[in-house]
There are 2 protein chains.
Amino acid sequence: MMLTYMCRTCGCSFRSRNFGTVERFVEPCILLLLSKGSSHGYGLMEDLEKHCGEKVDIGDLYRTLRRMERDGWVESDWEKNDAGPDRRTYTITREGKDFLKSAASSLTRTDKLIHRFLEGYQKNQSA
Amino acid sequence: MMLTYMCRTCGCSFRSRNFGTVERFVEPCILLLLSKGSSHGYGLMEDLEKHCGEKVDIGDLYRTLRRMERDGWVESDWEKNDAGPDRRTYTITREGKDFLKSAASSLTRTDKLIHRFLEGYQKNQSA
DNA sequence: GCACATATATGTCAACATCATATAGTAGTT
DNA sequence: AACTACTATATGATGTTGACATATATGTGC
């Protein structure tokens, strides 16, 4: 979510900041997609927006994929592409599947925290 | 959530990183507490752990409160305290209540994204 | 030759989270 | 009087992340 701020003294709007986003949420989303089949950065970008409701910064996505490879969750190989530039194709690893599992459990906990907050908020509103 | 990593080549464990935490989640939690009554940093720390399931770094909390005051969501006054050091007491503002409302709607959206992921993950597991 | 979609990648920078450290008042104990 | 513990606020240092901009290159259609 993007927030724009209004300076209360001069009325000028200043920098917008992130709020409410789940840190590195894109990584389990990528791994979930890859667990269904190998893919490449550009293709993942399209699938992430379609299936995960995630708008992705493409530069961030490529950097994230390299980081995930460094961490051992995915592996990559260059794939010849006659219809355009060659592609770096990513495949999920055993460690990647393990991380996906722990990420799911972590996100379940996060989900509970958010629920707890929303319940408290709604209770407070009706009071 | 804290993750510890294992280097795949040498087996050494390396830096742990954050994952799955909601960015600046503590702020709506603080505002929800303050909407029930004014409080100070140290008191909020205890309430956050008790009511919001949030373990808080106390230094981060004080810095967050100053930031929230700068952003106009809370206001503070020094309160005399005979039983110990004086306290800076925070009160929620009109803008703070507005932000709390938009935060709730933002977190509802985040909640939907997480659900969507978890459903996809579970479907994939059973397949 | 040019624009456009595809495709990967890096430079920069501000904000945030974490950890450590500094300071100080009050109360109880030795 | 010195100490320990608890309460209370605050800042310094640092690494990671996310956002935005920019660079580079290939293939297709006009």
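Chain identifiers are assigned alphabetically (A, B, ...) following the order of the sequence lines, protein sequences preceding nucleic acid strands; residue numbering begins at 1 within each chain.
- Rounding to whole angstrom units, OH of residue Tyr62(A) and P of dT22(D) are separated by 19 Å.
- Each of Gly84(A) and Arg88(B) was matched to the nucleotide of DNA chain D holding its nearest heavy atom; the match closer to the 5' end belongs to Arg88(B).
- Atom C1' of nucleotide dA9(C) and atom CG of Asp57(A) are separated by 12 Å, given to the nearest angstrom.
- One atom, CG of Leu48(A), and another, P of dA7(C), lie 15 Å apart when rounded to the nearest Å.
- In terms of position along DNA chain C, the nucleotide closest to Tyr90(A) lies nearer the 5' end than the nucleotide closest to the other residue of the pair Pro85(B) and Tyr90(A).
- For Tyr42(B), counting side-chain heavy atoms from C-beta on, the closest listed nucleotide (dT18(C), dA7(C), dA8(D)) is dA8(D).
- A straight line from CD of Glu23(B) to P of dT16(D) spans 16 Å, rounded to a whole angstrom.
- Listed candidates were dT7(D), dA17(C), dT8(C). Nearest to the side chain of Trp78(A) is dT8(C).
- One can place CD of Glu27(B) at 12 Å from C1' of dA17(C), the figure rounded to the nearest angstrom.
- In this pair, Phe99(A) and Trp73(A) present their aromatic rings parallel. The plane angle is below 30°, not in the 30 to 60° band.
- Between dA19(D), dT8(C), dT9(D), one nucleotide has an atom nearer to the side chain of Arg63(A) than all others, and that is dA19(D).
- Whole-Å rounding puts the Leu61(A) CG to dT10(C) C1' distance at 15 Å.
- A salt bridge is absent between Arg67(B) and Asp71(B): the closest approach of a Lys/Arg side-chain nitrogen to an acidic carboxylate oxygen does not fall below 4.0 angstrom.
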task = Show the numbers, then the answer: is there a side chain to side chain donor-acceptor pair (under 3.5 Å) between Glu75(A) and Thr93(A)?
result = CA-CA 7 Å; Glu75(A) 281 168 351; Thr93(A) 62; over 6 Å; no

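- Toward the 5' end of DNA chain D, the nearer of the two residues Arg87(B) and Ala83(A), judged by each one's closest nucleotide, is Arg87(B).
- Rounded to whole angstrom, the span from the CZ atom of Arg67(A) across to the P atom of dA9(C) amounts to 15 Å.
- Considering only side-chain N and O atoms, Asn81(A) lies nowhere under 4.0 angstrom from the phosphate OP1 or OP2 of dT26(D).
- Of the candidate nucleotides dT18(C), dC16(C), dT8(C), dT18(C) has the atom lying nearest to any side-chain atom of Asp60(B).
- Heavy atoms of Gly43(B) sit nowhere under 4.0 angstrom from any nucleic acid atom.
- For Lys36(A), the NZ atom sits in a packed shell: over 12 heavy atoms of surrounding residues, nucleotides or ligands are nearer than 6.0 Å.
- Counting non-hydrogen atoms under 4.0 angstrom, Arg66(B) reaches the backbone sugars and phosphates but no base.
- Ile58(B) places its CD1 atom 10 Å from the P atom of dA8(D), with the value rounded to the nearest Å.
- Closest contact between the side chain of His40(A) and the listed nucleotides dC19(C), dA8(D), dT8(C) involves dT8(C).
- An OP1 or OP2 oxygen of dT17(D) is reached within less than 4.0 angstrom by a side-chain nitrogen or oxygen of Arg24(A).
- Salt-bridge check for Arg116(B) with Glu119(B): failed, with every basic side-chain N at 4.0 Å or more from each acidic carboxylate O.
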